[in-house]
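Labels below follow one simple rule: chain letters A, B, ... track the order of the sequence lines, proteins then strands, and each chain is numbered from 1. Model, not experiment: these values are computed from the prediction.
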2 protein chains.
Amino acid sequence: MILDDTDRRILAVLQRDTSLPLDDIGAAVNLSRNAVWRRIRLLEESGVIRARVALLDAEKLGLGLIVFLMVRTNDHRPGWLARFAKATRDMPEILGAYRMTGDLDYLIRARVADVKAYDALYQQLTRRVDLADVSASFVMEELKDTTALPL
Amino acid sequence: MILDDTDRRILAVLQRDTSLPLDDIGAAVNLSRNAVWRRIRLLEESGVIRARVALLDAEKLGLGLIVFLMVRTNDHRPGWLARFAKATRDMPEILGAYRMTGDLDYLIRARVADVKAYDALYQQLTRRVDLADVSASFVMEELKDTTALPL
DNA sequence: GTTGAAACGGCATGCGC
DNA sequence: GCGCATGCCGTTTCAAC
């Protein structure tokens, strides 16, 4: 799908707020309500818009601590990555897991209540998959955190 | 605000999909449309629900490369952090920026088109703030990436 | 092929119980 | 927390450019 400038402006709005009426979006991009509606429909069908979700306040849910885990493994057999991937997907505190450049290096991004909860997460992970080395870094201050992609 | 089990189940649904009719959510949590609506209203007013947004497909927008930047600084004067924070907020390719434990260590999470685009980002960042040391790690494979928090 | 105006109808919103 | 009434707004139709 090829996007023009109007599509991009619509996406910019929807990345920030999907609760606006079509009329308001139309006013912002100089288009009628149903022209906007048809473009959004196409963007959804083509998969450019993956989902419409609610973003929750982690602090208010008692998840005040962000942790990054740098993981190293010795096990280079084919099954290991599959087990590691499944483990991260099964653990809801883990928000992101990435295989990185540089031989075998994995990065995990997680949200937990506190250091105690981090330890439980760590223990659970090491029980499920064999990890050669894990080093944790805790976030002291979140300077930026957004789901909005550059357009 | 105190959440009961029904609130949490509603949040679990909304974290995945906000496009469902209230009747469907009500069916999922055994509640009438109206009761669901009032709970969601309270969750929004109390700020537990921060926003409703559209998630876009990064690949389809030509942003296939995820980069993590480990940043170190020598400048411990008060103005530095403010300038660094503003720089990251101003640069739309930077999705996350975090001040970490361990003296002075910053982590940046960014989305760019390719290595060339990463270099442009790097140059732009170093032009705006003085960085002692930057090491980049590229993501080879995204095993997990979600905005849904554990409930 | 894409747009805007208008009509339709579903569903969010608000009230009374 | 539920059922019912109201009306906004998403959805569809159709004509015009």
Please state how far atom CD1 in A:I40 lies from atom P in C:dT2, giving the value in whole angstrom units.
16 Å

On the 0 to 90° scale, with breaks at 30° and 60°, tag the B:Y118-B:Y122 ring pair as parallel, tilted or perpendicular.
tilted

Would you give me the side-chain donor-acceptor pairs under 3.5 Å for residues 41-51 of chain A, sequence neighbours excluded?
{"unit_1": "A:R41", "atom_1": "NH1", "unit_2": "A:E45", "atom_2": "OE2", "d": "2.1"}
{"unit_1": "A:E44", "atom_1": "OE2", "unit_2": "A:R52", "atom_2": "NE", "d": "2.8"}
{"unit_1": "A:E44", "atom_1": "OE2", "unit_2": "A:R52", "atom_2": "NH2", "d": "3.4"}
{"unit_1": "A:S46", "atom_1": "OG", "unit_2": "A:L42", "atom_2": "O", "d": "3.1"}
{"unit_1": "A:S46", "atom_1": "OG", "unit_2": "A:L43", "atom_2": "O", "d": "3.2"}
{"unit_1": "A:R50", "atom_1": "NE", "unit_2": "B:L56", "atom_2": "O", "d": "3.3"}

Verify same cluster id: A:L149, B:M91 (apolar side-chain graph, 4.5 Å)
no

Nucleotide-resolved protein contact map, nucleotides 6-17 of chain D, B/S/- at heavy-atom distance under 4.0 Å
---SBBBB----

I want to know whether B:Y106 and B:Y98 have ring centres closer than 6.0 Å.
no

Transitively linked via ILVMFWY side-chain contacts under 4.5 Å: B:L3 with B:L31?
yes

Salt bridge (Lys or Arg N to Asp or Glu O under 4.0 Å) pairs touching residues 14-34 of chain A, sequence neighbours excluded, are A:D23-A:R33

Might you confirm whether atom CE of A:M70 has over 12 heavy atoms from other residues, nucleotides or ligands at distances under 6.0 Å?
no

Linked, directly or transitively: B:L61 and B:V53 (ILVMFWY side chains, under 4.5 Å):
no

In residues 3-18 of chain B, what residues come within less than 4.0 Å of DNA chain D, judged by heavy atoms?
none

Tell me which residues in residues 43-54 of chain A lie within less than 4.0 Å of DNA chain D, going by non-hydrogen atoms.
none

If two hydrophobic side chains count as joined below 4.5 Å and joins carry through other members, does A:I40 share a cluster with A:L11?
yes

Roughly, in whole Å, what's the span from CE in A:M1 to C1' in C:dG1?
14 Å

Is A:D75 salt-bridged to A:R77, cutoff N-O under 4.0 Å?
yes

Hydrophobic cluster membership, B:I66 vs B:L63, 4.5 Å side-chain cutoff
no

Degree of bending, the helix from C:dG1-D:dC17 to C:dC17-D:dG1 (end axes from five pairs; round to 10°):
30°

Whole Å only: how far is the CZ atom of B:R39 from the P atom of C:dT13?
17 Å

Lys/Arg-Asp/Glu bridge criterion (N-O < 4.0 Å) met for A:R109, B:D145:
yes

Indicate whether the side chain of A:S32 and that of A:N34 have a donor and an acceptor atom separated by less than 3.5 Å.
yes

